[in-house]
Amino acid sequence: MASLKTPTLKNPPLSLSSKSRLPSAFSATFPNNIRFARSLPQRRFLIITASAASFSNKPTVLVAEKLGEAGLTLLKQFTNVDCSYNLSPEELCTKISLCDALIVRSGTKVNREVFESSGGRLKVVGRAGVGIDNVDLAAATEHGCLVVNAPTANTVAAAEHGIALLAAMARNVAQADASVKAGKWQRNKYVGVSLVGKTLAVLGFGKVGSEVARRAKGLGMHVISHDPYAPADRARAIGVELVSFEVAIATADFISLHMPLTAATSKMLNDETFAKMKKGVRIVNVARGGVIDEEALVRALDAGIVAQAALDVFTEEPPKQDSKLVQHERVTVTPHLGASTMEAQVSNLLNAYIHPSFPLRCIIVIHNCCFTYLVTSPLQVLTELKPYVELAEKLGRLAVQLVAGGSGVKTVKVSYASSRAPDDLDTRLLRAMITKGIIEPISSVFVNLVNADYTAKQRGLRITEERIILDGSPESPLESIQVQIANVESKFASAISESGEIKVEGRVKDGIPHLTKVGSFEVDVSLEGSIILCRQVDQPGMIGRVGSILGEENVNVSFMSVGRIAPRKQAVMAIGVDEQPSKESLKKIGEVPAIEEFVFLKL
Ligand SMILES: NC(=O)c1ccc[n+]([C@@H]2O[C@H](COP(=O)([O-])OP(=O)(O)OC[C@H]3O[C@@H](n4cnc5c(N)ncnc54)[C@H](O)[C@@H]3O)[C@@H](O)[C@H]2O)c1
Ligand SMILES: O=C(O)[C@H](O)COP(=O)(O)O
C-alpha cells in the first residue's frame, strides 16, 4: 500500500462536460449532478470527480475517531465533517440523529442503540480499518444502513507489527529495554530464542496472516497454517502447508493469530487448547483479544505451557491497569498499534473514500437513498436501470394504496417483461424498490436494498418474481414491470384484474416512468406528482368536468388518459396532478354522476 498517496487533492475536478475524457467503464451521471470517477492507471483507486459545488446539500459525516489529516481534508470537500472524538455512548446516540454517515475505527461501539437513535438518517457506517466486530451488523441491516470497511488499508502494517512482536518477544526487547532504563545490565536474564528453523503456526491465512507467513519464511521459519476457508494452493504458492487446528497447535513453536473475532473463533485458545500445545510455545496476537481466553492464557503462562506472549489486542480495550496478563513478566504488550503506521493511517481513510467501491457506497448513499443500492454493479447498468428503479418503487406505492385498508398484504407477484436474456437483468434492485414502495406507505420502516428482503420477511411479505421474455430489440433493459397483490380487496374495484389480484403495470417512456395499466384497463399517465383514478361510464365531457373541478382549485393537471373496454362502456380515467386536491374537490369529483368510483393516490 506504499503506493497509495493523497494525490487527489492536487487533481482538479473534471468538468461536467468532460465525459469524453472518462473511461466509459466509469462514466456515469448521478443524481444531484454528481459525476464519478476516473481511473488512474498508475494508482489503484478511483477519484471522486464531483466538485464541492455539485453538492447542494452536503451530508453530515460524524468522524468519531482520529484519522489521517489528508483523508479528512478530502472528506471535507464533499461533506460536512464533524470530528468528535471520545464520545460517550450517550453522546454518540444523541449526535447520530443529525448524521448521514459515521466513520469509526475499532474504539467505537456501533451497537443497536446507535442505529435506533439515528431515526433512519444514518445511511452508512464506514469502518476505517478491517475489523467490524465493533459494529452490530444485524442492527445495521435492519435499519437499512450500509457498513463499509477498508479491508486492505492496514494489512501490511498489521503484518509488520506481528513480525515486530514476534522478534521482540523472542529476544525480550521490551523487558530488556525497561531493565536497562531502570539502571540494570542483565545480559544473562534476557537470553532469547532464535526464530530460524522454528515452526510458526499462522492461525487465519487471510490478508494479514499470509503476509506474516511470507515474512516469517524470509526469516527462515518453517510456516504452517490453519484456516478452514483458505485455498491450499494459495498457501502452497508461498511454501506454507495448511494443516488442521490440532496439528497446528501441537507442533508450533510460535503461534500467530490472524482470524476475525466471530462466534466460532471466540476464546479459540482456552484451557483445553493450551493443554494440547507444545510446552514452551510462544504466542503473538494482533487479531482480536477475544480469540484468546485471557484468564486461561495467564494460567498457561504460569504453568509454563506458554513461554511468552506478545499481545496487541485485548478483550477489553484498554485493559485494566492491574490486569494479570498485561503485568505478566513474560508478556509483551502494545496498545492496539497494528494499524498505526503513518502510511496505514493515510491509506485507511483514502481506502475508505477513494477505493473504487467506497465513494459509491458512501457518498452516493448519503446523497440519494435510491442509489443506496448501486454498490455492486457496473455503473452503466445502474444508470440504465435508474428510471426502472423509480418505476418499481412507484408501482409498489400505487399497488399498496389500492388495497382496502392498506394492510394484509402478504403475497406480491412481480413480472418483468424484457427482450434481454434472463442473465442480463439483475432484478434485486428493482425488487428492493418495489418492497420499499409497498412497505413504506403503510409503516414507519425505512426500506432500502440493505434491509428490503429482511424487512419483507419480517412482515411476512412474500415477493415472487417472474420473467416474461419478449422478442425484439434488447436495447432497453425492460419493456414493463407488473405488480400484482393477491388475496386482498381493493378500494378501487377496477384495479382488480380478471384473475382477482390488484394489478398495476408500468413502462418507462422517454426516461420517465408511466403507469400503463390498472386492473384490465389500459391507461397512460406519467408517474409524477399524484394520480386520481376514476371509473366512469364512457361519455363525452368527462375530462372537462373533472378538469374544471381541479382547475377551480388551481390544481395543475399534468396528464390525463382514458382507458376503456369499448365505446360508451366502462372506462378508467387516470389524471396526473401536481398538487394534492382538497377534500372538497375530491368529494365533488365523486359526485359527478357518471363517476362510479375514484381514488386519489400519492406517489
Ligand atoms: N491489530 C490491528 O491493529 C489489526 C490490524 C488489521 C487487522 N487486524 C485483525 O486481524 C484479523 C485478520 O485480518 P485480515 O485483514 O487478515 O482478515 P481476513 O478476513 O483477510 O483474514 C481472516 C482469515 O481468518 C480465517 N478464519 C476464519 N475463521 C477461522 C477459524 N476458525 N480458524 C482459522 N482461521 C479462520 C478466514 O478464512 C480468513 O482467511 C482480523 O481480526 C482483523 O480485525 C488487526
Ligand atoms: O481491524 C483493524 O483494522 C485493526 O484492528 C485496526 O483498528 P484501528 O483502526 O482501531 O487501529
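We count residues from 1, following the sequence as given. Whatever order the structure lists ligands and atoms in, that order sets their numbers, starting from 1. In this text, all values refer to a predicted model and were calculated from it rather than measured experimentally. What you see below is based on every heavy atom in this structure, not just the backbone, and it leaves out hydrogens, waters and symmetry mates.
- One side chain, Thr334 or His161, offers a donor N or O that lies under 3.5 Å from an acceptor on the other.
- Residue Val286 places at least one N or O, backbone or side chain, under 3.5 Å from an N or O of ligand 1.
- The shortest N or O to N or O distance between Ala339 and ligand 1 is below 3.5 Å.
- Summary of contacts: the protein heavy atom closest to atom 34 (N) of ligand 1 is Gly204 CA, 3.4 Å.
- Electrostatic pairing of Glu211 and Lys207 does not count as a salt bridge here, judged by no charged N lying under 4.0 Å from a carboxylate O.
- Checking only distances, Gly131 does come within under 3.5 Å of ligand 2, N or O to N or O.
- Closest heavy-atom contact between Asn285 and Ala287: OD1-N, 2.8 Å.
- For ligand 1, the atoms lying closer than 4.0 Å to a non-hydrogen atom of Gly131 are 43 (O).
- Atom CG of Leu261 and atom CD1 of Ile292 lie 11.5 Å apart (nearest 0.5 Å).
- Side-chain contact between His222 and Leu200 is absent, with no heavy atoms from C-beta onward closer than 4.5 Å.
- Checked by distance only, ligand 1 and Asp227 come closer than 3.5 Å through their nitrogen or oxygen atoms.
- For ligand 2 and Val130, the ligand atoms under 4.0 Å from any heavy atom of the residue are 1 (O), 2 (C), 3 (O).
- For the 3.5 Å distance criterion, the side chains of Glu142 and Tyr454 qualify, holding a donor opposite an acceptor.
- The ligand atoms of ligand 1 that sit less than 4.0 angstrom from a heavy atom of Tyr229 are 27 (C), 28 (N), 37 (O).
- Close N/O approach between Thr155 and ligand 1 is not found [any backbone or side-chain N/O within under 3.5 Å].
- Summarising the geometry of Ile238 relative to Ala213, their closest heavy-atom pair is CD1-CB, 4.3 Å, with the distance given to 0.1 Å.
- If you check each of Ala230, Ala287, Ser225 against atom 9 (C) of ligand 1, the one with the closest non-hydrogen atom is Ala287.
- Less than 4.0 angstrom separates some heavy atom of Phe205 from each of these atoms of ligand 1: 39 (O).
- Below 3.5 Å of separation, one finds an N or O of Met259 facing an N or O of ligand 1.
- Near His336, the atoms of ligand 2 lying under 4.0 angstrom from a non-hydrogen atom of the residue are 4 (C), 5 (O), 6 (C), 7 (O).
- Shown here is Glu295, whose CD atom has no more than 12 heavy atoms of other residues, nucleotides or ligands within 6.0 Å.
- In terms of N/O distances under 3.5 Å, ligand 1 is approached by Asp312.
- Close approach of ligand 2 to Gly129 (heavy-atom distance below 4.0 Å) involves ligand atoms 3 (O).
- Gln308 and Asn172 form a side-chain donor-acceptor contact under 3.5 Å, judged by distance and modelled atom types alone.
- Against a heavy-atom cut-off of under 4.0 Å, His336 is close to the following atoms of ligand 1: 1 (N), 2 (C), 3 (O).
- Under a 4.0 Å N-O distance rule, the pair Arg431/Asp453 qualifies as a salt bridge.
- Protein heavy atom in closest approach to atom 21 (O) of ligand 1: Gly206 CA, 3.3 Å.
- One finds a salt bridge joining Asp177 and Lys181 here, because a Lys/Arg side-chain nitrogen approaches an Asp/Glu carboxylate oxygen to under 4.0 Å.
- If you check the side chains of Asp82 and Ser84, you find a donor sitting under 3.5 Å from an acceptor.
- A donor-acceptor contact closer than 3.5 angstrom links the side chains of Asp302 and His328.
- When hydrogens are left out, the protein atom nearest atom 42 (C) of ligand 1 is Val130 CG1, 4.1 Å; that is the closest non-hydrogen contact.
- For ligand 1, the atoms sitting less than 4.0 Å from at least one non-hydrogen atom of Ala158 are 5 (C), 6 (C), numbered in the order shown with element in parentheses.
- Residue contacts with ligand 1 include Met268, since one or more of its heavy atoms lies under 4.0 Å from the ligand.
- The option from Lys207, Arg127, His161 that lies nearest to atom 20 (O) of ligand 1, judged by heavy atoms, is Lys207.
- Contacts of Ala128 with ligand 2, taken as heavy-atom pairs under 4.0 Å, involve the backbone alone.
- Those atoms of ligand 1 with a heavy atom of His258 less than 4.0 angstrom away are 11 (C), 12 (C), 22 (C), 23 (C), 24 (O).
- Residue-to-ligand polar distances keep Ala339 apart from ligand 2: every N/O pair is separated by 3.5 Å or more.
- Under the 3.5 Å distance criterion, the side-chain polar atoms of Lys276 are left unmatched by any main-chain donor or acceptor of Glu272.
- By the criterion of a heavy-atom distance under 4.0 Å, the side chain of Asn154, and not its backbone, is placed next to ligand 2.
- Between the side chain of Glu65 and the backbone N or O of Arg105, at least one donor-acceptor pair lies under 3.5 Å.
- Ligand 1 places these atoms under 4.0 Å from at least one heavy atom of Thr265: 28 (N), 29 (C), 30 (C), 31 (N).
- A side chain to side chain contact (heavy atoms under 4.5 Å, CB included) with Arg282 is found for one member of Leu195, Ile255, Val193 and no other, namely Val193.
- Neither the backbone nor the side chain of Glu65 comes within 4.0 Å of ligand 2, counting heavy atoms alone.
- Applying the 4.0 Å criterion to heavy atoms of Asn154 picks out, from ligand 1, the atoms 5 (C), 6 (C).
- The N/O atoms of Val208, backbone and side chain alike, include one that comes under 3.5 Å of an N/O atom in ligand 1.
- A side-chain donor from one of Ser256 and His258 sits under 3.5 Å from a side-chain acceptor of the other.
- For the pair Pro260 and ligand 1, a heavy-atom separation below 4.0 Å is found.
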